[in-house]
Amino acid sequence: MSYNLKEIEKKWQSEWEKTKIFSSTDFSDKAKYYALMMFPYPSGSRLHMGHVRNYVIGDALSRYQRMRGFNVLHPMGWDSFGLPAENAAIKENIHPGNWTKENIKIMTEQLKNLGIGYDWDREITTCEAEYYKWTQWLFLKLYKKQLAYKKKSTVNWCPSCSTVLANEQVVNGICWRCKSEIVQKELEQWFFKITEYAQRLLDDLQELSNWPEKVKLMQENWIGKSKGIEINFVLEDKNILIPVFTTRPDTIYGVTFLALGVDHPLINEIFSIEKNPAIQKFKEEVKSLTLTMRISDQFEKKGLFINKYAINPINKERVPIFLTNYVVMEYGTGAVMGVPAHDQRDFEFVKKYNLPIKVVICPKDKAINADTMLEAYVDTGIQVNSDKFSGSSNVDTIEKISDFIEEKGIGKRKINYKLRDWLISRQRYWGAPIPIIYCPTCGIFTVPEEQLPVLLPEKVDFMPGAISPLAKVSEFVNVSCPKCQGQAKRETDTMDTFVCSSWYYLRFTTPDSKDVPFDNKIVNYWMPVDQYIGGVEHAILHLLYARFITKVLYDLKYLNVQEPFKNLFTQGMVLKDGQVMSKSKGNTVPADDLIEKYGADTVRGFILFAAPPEKDYEWDNHGIEGVSRFINRVIRVVEKFADYPTKIVDINCLPSNEIAKILVKTLHKTIKRVTDDIEKGFHFNTAISSLMEFTNHLYLIENLLDRDLGEELNSYIKESLTTFILLLAPFCPHISEELWKKLGKTGSIFRQNWPKYENSLTTDAQTLIVVQVNGKLKHKLSFSTGETIEIIKNTVLNDIKVKSLIDGKEIKNIIVVPDKLINIVTN
RNA sequence: GCCGGGGUGGCGGAAUUGGUAGACGCAAGGGACUUAAAAUCCCUCGAACUUACAGUUCAUGCCGGUUCGAUUCCGGCCUCCGGCACCA
């Protein structure tokens with residue numbers, strides 16, 4: 001092989017860099033196309049095939065769109081604040097900043113080796129002051145809009161990471177990053193009021209027609225809207241209201257007890273806890289439960305009767321009040337009406353404590369006996385024992401009872417969401433400091449905008465502990481009060497890294513702007529992101545936060561869009577031994593080894609060819625040979641035809657030469673298939689297989705490489721190859737650029753237009769029609785394309801073979817699908 | 001428990017609106033070239049039966065249904081993978 005792939009790749013990589021072929025111009029005449037991959041965390045590991053898949057998908061798409069004539073923005077940056085840097089730094093005893101910088105250097109080089117075409121002039125790094133200055137600015141904007149607030153509450157604490165976490169970062173009671181068990185702690189923390197946007201975050205999912213349904217459903221579930229009614233039960237003998245939230249007011253006549261969460265305010269209101277050791281003990285017991293225990297199947301419902309009764313406002317019935325371990329305080333009112341007959345949890349509870357069961361809904365034609373019930377009846381049915389509502393369907397009754405309750409003034413319709421506010425403070429060093437100052441005399445202040453950034457001090461003992469490492473840096477902590485100039489203290493928590501990544505896609509539009517986070521005109525030129533690509537693991541976390549922040553910035557008139565990502569594509573993961581490839585699991589397949597052995601184009605081509613991009617792919621070392629062979633076949637055939645003296649031919653017209661004719665048609669079919677495959681959902685795998693088929697077709701020309709085929713055919717082959725190389729370019733850019741020049745073309749292949757196909761050249765003159773008898777394939781006959789049903793029928797019925805097949809049988813029906821098949825139905 | 005998405009050769013995977021199941025590639029087998037190997041090129045390749053070398057039957061998780069015709073549509077299961085989870 002006369003081709004040194006490695007040299008070719010290096011040559012074009014530096015050429016592209018020099019000519020800035022991938023830079024994007026604000027306000028170009030071309031239509032804009034913002035292609036964005038979720039930016040990586042610079043974890044320092046060598047890129048493995050999982051990473052490669054991510055970046056290559058984005059690169060193939062951007063190169064394609066560039067050739068389609070778009071003004072493409074394809075930037076790269078680093079989500080570089082966060083725990084891994086800090087943990088690695090602690091372990092290796094270097095500063096997280098240096099660790100991060102070093103990793104960025106390594107990863108950048110590897111991305112360049114892969115030939116990923118980024119606009120490197122727009123590179124951003126979230127841990128640099130020029131970036132996090134604006135993350136702090138964002139905090140101030142939210143604070144001013146009362147969307148950032150501090151409150152004391154029960155929060156998720158990861159003992160291993162020594163910090164609190166947002167609900168979204170707790171997966172089944174386990175820390176999303178380090179997998180240790182989360183404990184609940186009572187702490188004062190900073191929150192972003194994402195709940196205020198719950199309804200809009202839910203509604204606008206409708207507009208995201210090009211997001212995967214799966215992701216939208218996950219967000220919908222997470223937001224967890226439910227419509228119901230808050231009903232006021234009353235504490236017996238005292239005029240204290242105990243509101244409960246329910247989605248099933250139709251079951252209110254079946255209430256036989258009231259269940260409270262252990263932190264319910266009523267307890268402190270009517271008891272002195274010190275005098276009630278039983279309550280105290282129960283509370284502690286419930287609070288010691290870990291999340292994992294609470295959600296396990298074996299979890300047993302427990303309760304404590306507090307010797308008090310409540311009055312059901314609808315029928316004045318007296319029901320006992322229990323403290324329970326299964327009512328969650330954070331949702332609804334922290335109090336629930338117990339309807340054992342129609343709620344399985346309540347049913348289990350009364351079976352344990354021998355409370356009565358009262359049936360108020362029955363199936364249409366069947367009575368239910370409370371004494372013999374084995375489980376709660378939760379289906380629809382007819383109301384019974386429900387006063388004036390008895391006899392009607394429970395579905396109608398939900399609305400009727402709700403009306404009645406509202407009229408009587410004993411309750412009010414309400415909508416509840418499962419979504420909780422976003423806890424954004426972290427007790428760790430490597431993050432953007434929260435720009436807040438506390439003055440003992442004047443109170444809480446934000447750091448004035450013009451004083452940003454609040455710099456993260458460099459010399460810090462960042463070993464984790466109960467308080468943020470920043471609290472130990474007196475030069476950082478001690479400041480003078482902006483108002484009284486007295487001794488004040490800075491907030492020492494840093495922000496969740498997801499705050500940094502909630503707005504980075506905006507910064508790419510004007511990465512260097514000094515006075516604003518992003519230029520208003522330019523950001524509105526580029527936004528929304530036309531295609532966002534990333535892993536499904538961010539379906540809720542990052543994607544929900546980014547949508548929220550975009551809406552806030554829209555409300556503040558910094559943005560014209562309410563949704564940041566117009567189209568979302570979630571690519572599958574690369575697995576090894578059934579598990580996600582990751583450094584920590586030690587199952588990575590490093591990309592550089594493969595690039596060294598096969599070249600970047602082969603590695604790129606293979607990862608795209610191996611599986612459809614949305615699917616997980618179990619890595620297999622063998623398959624890559626196939627793509628390597630394919631590229632070599634392409635090189636060989638171009639090598640031969642590039643040097644032939646040829647004449648100018650038009651490959652958009654049918655030639656007279658029979659071989660050339662078929663070749664031209666195959667080429668046009670290939671253009672169509674490759675284009676459609678990319679357009680209809682990034683089917684790069686089938687696009688590449690079409691390219692392989694085209695090459696195979698060429699090789700079927702007898703002795704293609706060993707003989708002179710004549711000027712006419714040579715010219716057509718050479719001309720087809722130039723078009724073919726254009727189709728190959730997004731996937732295997734280096735060799736395509738090289739072969740483009742080899743074929744005598746000037747200018748970068750990435751400045752060429754994507755080939756167009758002639759529709760008329762994608763169809764054949766003759767079509768093979770399948771002959772079926774009773775639905776079974778029996779024969780094939782060739783017809784002119786578009787032949788009439790009559791002629792097909794007559795020809796087939798007169799065919800000797802067909803005649804013998806249906807000989808002596810009665811023809812009951814004949815179905816003809818033009819250009820496809822004919823089915824003769826006999827008995 | 002609830003909500004999604006999948007099950008196609010030895011393997012990764014293809015199959016417009018229901019219309020030739022298995023494209024393309026890997027692995028395997030055979031042949032050509034070669035002193036030999038590598039590379040390359042060509043052929044075969046779901047299973048079973050029959051050998052008339054052309055056929056027949058069975059095959060897209062399982063069982064039914066609709067249809068001239070079902071990997072595709074409908075119903076019921078099995079199973080794998082995700083997400084949520086005492087949310088009242």
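So that the names make sense, note that chain A is the first sequence line, chain B the second, and so on, each numbered from 1.
Across all strands shown, A:Lys780 has heavy atoms under 4.0 Å from base atoms, whether or not it also approaches the sugar-phosphate. Within 4.0 Å of A:Asn823, counting heavy atoms only, lies at least one base atom of the nucleic acid. Across all strands, A:Gln772 comes closer than 4.0 Å to base atoms (heavy-atom distances). Using a 4.0 Å heavy-atom distance criterion, A:Val336 is classed as a base contact.
Here, B:U60 and B:U8 have their P atoms 11 Å apart, quoted to the whole Å. Separation of the P atoms belonging to B:G4 and B:C74 is 14 Å when rounded to the nearest angstrom. Across the C1' atoms, B:A15 and B:G29 are found 27 Å apart, a figure rounded to whole Å. A distance of about 23 Å separates the P atoms of B:A21 and B:G13, rounded to the whole Å. Comparing the C1' positions of B:G9 and B:A28 gives an interatomic distance of 13 Å, to the nearest angstrom. Between the C1' atoms of B:C81 and B:G76, the separation comes to 22 Å (whole Å). The separation of B:A48 from B:A59, taken at their C1' atoms, amounts to 10 Å, rounded to a whole angstrom. If you take atom C1' in B:U35 and the same atom in B:A52, they sit 46 Å apart, rounded to whole Å.
Pairs engaging residues 769-789 of chain A under the salt bridge (Lys or Arg N to Asp or Glu O under 4.0 Å) rule: none recorded [sequence neighbours left out].
For the residue pair A:Thr195/A:Asp421, the side-chain donor-acceptor check at 3.5 Å is satisfied.
Distance, A:Asp620 CG to B:A27 P: 9 Å, rounded to whole Å. What separates CG of A:Asn696 from P of B:C24 is a distance of 7 Å, to the nearest Å. Here the P atom of nucleotide B:C24 and the CD1 atom of A:Ile607 are 22 Å apart, to the nearest Å. Distance A:Arg673 CZ to B:C24 C1': 9 Å, rounded to the nearest Å. Atom CD of A:Glu614 is separated from atom C1' of B:G13 by 12 Å (rounded to the nearest Å). Protein atom CD of A:Glu220 is 14 Å distant from nucleotide atom C1' of B:C2, rounded to whole Å. Nucleotide B:U20 holds its P atom 12 Å from the CG atom of A:Leu768, rounded to whole Å. A:Lys820 places its NZ atom 11 Å from the C1' atom of B:A15, with the value rounded to the nearest Å.
A:Lys414 NZ to A:Ile229 CD1: the interatomic distance, rounded to the nearest 0.5 Å, is 12.0 Å. To the nearest 0.5 Å, atoms OH (A:Tyr253) and CD1 (A:Ile361) are separated by 12.5 Å. Put simply, CG on A:Leu761 and NE2 on A:His668 are 4.5 Å apart, with the number rounded to the nearest 0.5 Å. Distance check: A:Arg248 CZ to A:Thr397 OG1 gives 10.0 Å after rounding to the nearest 0.5 Å.
OP1 or OP2 of B:A39 has not a single side-chain nitrogen or oxygen of A:Arg636 nearer than 4.0 Å. Between A:Lys615 and B:G6 there is no side-chain N or O to OP1 or OP2 distance below 4.0 Å. Contact check, A:Tyr617 against B:G12: no side-chain N or O comes under 4.0 Å of OP1 or OP2.
Syn is the conformation of B:G9, whose glycosidic angle sits no further than 90° from 0.
A distance below 6.0 Å separates the ring centres of A:Phe498 and A:Trp176. Proximity of the aromatic rings of A:Phe569 and A:Phe682 is defined here by a centroid distance below 6.0 angstrom, and this criterion is met. Taking the six-membered ring for Trp and the full ring otherwise, the centers of A:Phe606 and A:Trp619 sit less than 6.0 Å from each other. Taking the ring centroids of A:Phe257 and A:Phe349, they lie under the 6.0 Å cut-off. Close placement of the A:Tyr353 and A:Phe322 rings is indicated, their centers lying within 6.0 Å of each other.
Here the side chains of A:Leu575 and A:Met581 are not in contact, with every heavy-atom distance at 4.5 Å or above. Side-chain contact check for A:Pro613 versus A:Leu608: every heavy-atom pair is 4.5 Å or farther apart.
Considering every non-hydrogen atom in both A:Phe245 and A:Gly332, the closest pair reads CB-CA, 4.3 Å. Shown here for A:Pro212 and A:Thr570, the closest heavy-atom pair between the two residues is CG-OG1, 3.9 Å.
Considering only the side chain of A:Leu217, B:C3 comes nearest among B:C3, B:G13, B:G19. Candidate nucleotides B:C26, B:G13, B:G19 were compared by shortest atom distance to the side chain of A:Pro612, and B:G13 ranks first. Nearest nucleotide to the side chain of A:Asp343, out of B:A88, B:C41, B:C26: B:A88. Taking the side chain of A:Ser226 as heavy atoms from C-beta on, and the options B:G19, B:C42, B:A88, the nearest nucleotide is B:A88.
Stem analysis of RNA chain B (Watson-Crick or G-U pairs, both distances under 3.5 Å, runs of at least three) returns B:1-7 with B:78-84, B:10-12 with B:24-26, B:28-32 with B:40-44, B:46-49 with B:55-58, B:61-65 with B:73-77.
Both A:Lys301 and A:Val770 lie near RNA chain B, and the one whose nearest nucleotide falls closer to the 5' end is A:Val770. When the nearest nucleotides of RNA chain B are assigned to A:Asn172 and A:Asp346 by heavy-atom distance, the more 5′-ward of the two goes with A:Asn172.
No hydrogens or angles were tested; on distance alone, nothing pairs the side chain of A:Lys672 with the base of B:U16 as donor and acceptor under 3.5 Å.
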How does each nucleotide of nucleotides 44-59 of chain B score, in 5' to 3' order, for protein heavy atoms under 4.0 Å: base (B), sugar-phosphate only (S), or none (-)? -----------SS-S-
Applying side-chain hydrogen bond (donor to acceptor under 3.5 Å, both in side chains) to A:Thr380 and A:Asn394, what does each step give before you reach the verdict? CA-CA 6 Å; A:Thr380 55; A:Asn394 78 303; 4.8 Å; no
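Residues forming a salt bridge (charged side-chain N to carboxylate O under 4.0 Å, His left out) with A:Glu693 (at least two apart in sequence, or on another chain): A:Arg673.
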Write down the protein N/O and nucleotide N/O pairs, taken from nucleotides 81-83 of chain B, whose separation is under 3.5 Å; answer none if there are no such pairs.
unit_1, atom_1, unit_2, atom_2, d
B:G82, O2', A:Lys214, NZ, 3.2

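For RNA chain B, the neighbouring residues in residues 677-690 of chain A, judged by any heavy atom under 4.0 Å, are A:Asn685, A:Thr686, A:Ser689.
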